[in-house]
Amino acid sequence: MAKKKIAEPEIDLSASYEDLLGVFAEARTPEDVKALFEDMFTESERRDFTIRWKLMNDLYRHVSQRTIANELHISLCRITRGSRMLKKSDGYVRRLLEKRYDDHYQI
């Protein structure tokens, strides 16, 4: 018999989230961002961020989802989320990738 998950009480973290965004915005150099990431996130969490960024780049460059899944050892469901993010015409990540790849890999 499966254990029931105990519901955690709702906590309003919106002020902390806004504060955290400000902390990230204050990081001015790649070295500062790296130090912040290494202090705030575990190696596993940083790896997850890195995988997410790589799969977004690969998707934008039209690497097949199956190739990405095999290379990064991740599920197609995880890749599908990234694909949906890139389909948003006003998405920030999409704009970043458009600049990076000179906008010649349109989705």
Side-chain angles (χ1 to χ4, degrees):
M1 193 179 223
K3 290 184 179 180
K4 286 186 178 181
K5 185 176 180 179
I6 298 172
E8 294 183 23
E10 286 293 317
I11 300 170
D12 183 5
L13 296 172
S14 57
S16 291
Y17 180 68
E18 294 299 321
D19 186 39
L20 181 61
L21 295 176
V23 168
F24 279 103
E26 289 175 22
R28 298 286 182 227
T29 67
E31 293 81 14
D32 289 345
V33 175
K34 182 178 181 181
L36 181 58
F37 269 51
E38 288 177 354
D39 282 352
M40 295 231 13
F41 303 111
T42 65
E43 186 176 332
S44 176
E45 290 165 332
R46 292 191 309 268
R47 184 175 179 355
D48 286 344
F49 285 137
T50 304
I51 286 172
R52 171 71 49 86
W53 182 244
K54 176 149 178 34
L55 83 86
M56 298 299 285
N57 276 269
D58 288 349
L59 285 171
Y60 190 83
R61 292 181 302 113
H62 297 282
V63 175
S64 78
Q65 291 190 13
R66 292 207 183 275
T67 299
I68 295 169
N70 288 334
E71 180 183 321
L72 298 177
H73 306 288
I74 58 176
S75 71
L76 289 173
C77 291
R78 190 166 174 188
I79 297 168
T80 299
R81 182 182 187 287
S83 180
R84 277 195 308 260
M85 288 172 48
L86 287 177
K87 288 181 181 173
K88 294 180 357 186
S89 61
D90 62 342
Y92 189 77
V93 170
R94 180 178 171 150
R95 288 194 316 262
L96 287 174
L97 294 172
E98 285 173 352
K99 285 183 199 175
R100 172 170 281 192
Y101 296 110
D102 298 322
D103 202 18
H104 64 280
Y105 287 113
Q106 282 297 312
I107 291 179

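Treat the numbers as computed from the prediction; the structure is a model and nothing was measured. Index from 1, following the sequence.
Applying the side-chain hydrogen bond (donor to acceptor under 3.5 Å, both in side chains) criterion to Asp90, with sequence neighbours excluded, gives no partner residue. With sequence neighbours left out, the salt bridge (Lys or Arg N to Asp or Glu O under 4.0 Å) criterion links Glu71 to Lys54.
Classification of Arg47 and Glu43 as a salt-bridged pair fails, no side-chain N sitting under 4.0 Å from a carboxylate O.
In this structure, Phe49 is not a member of the same hydrophobic cluster as Met56, with clusters built from ILVMFWY side-chain heavy atoms closer than 4.5 Å. If you chain together hydrophobic residues whose side chains sit under 4.5 Å apart, Leu13 and Met40 never meet in one group.
Here CZ of Arg52 is found 5.0 Å from CZ of Arg81. Values are rounded to the nearest 0.5 Å. Arg95 CZ to Lys88 NZ: the interatomic distance, rounded to the nearest 0.5 Å, is 10.0 Å. Between the CZ atom in Arg94 and the CG atom in Leu59 there is a gap of 12.0 Å [rounded to 0.5 Å]. Here the straight-line distance linking atom CG of Leu96 with atom CH2 of Trp53 works out to 5.0 Å at 0.5 Å rounding. The CD1 atom of Ile68 sits 4.5 Å away from the CG atom of Asp58 when rounded to the nearest 0.5 Å. Taken to the nearest 0.5 Å, the CG atom of Leu72 stands 10.5 Å off from the OG1 atom of Thr67.
Side-chain atoms of Phe37 and Glu45, non-hydrogen and from C-beta on, never get closer than 4.5 Å to each other. In this structure, Arg78 and Ile51 have side chains that are in contact, with non-hydrogen atoms separated by less than 4.5 Å.
Among all heavy-atom pairs drawn from Asn57 and Tyr101, the shortest one is OD1-OH, 2.6 Å. Of all non-hydrogen atoms in Leu76 and Ala69, the two that sit nearest each other are CD2-CB, 4.0 Å.
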Review item, side-chain donor-acceptor pairs of residues 17-31, under 3.5 Å, at least two apart:
unit_1 : atom_1 : unit_2 : atom_2 : d
Arg28  : NH1    : Ala25  : O      : 3.1
Thr29  : OG1    : Glu31  : N      : 3.4
Thr29  : OG1    : Glu31  : OE1    : 3.4
Thr29  : OG1    : Asp32  : N      : 3.0
Thr29  : OG1    : Asp32  : OD2    : 3.4

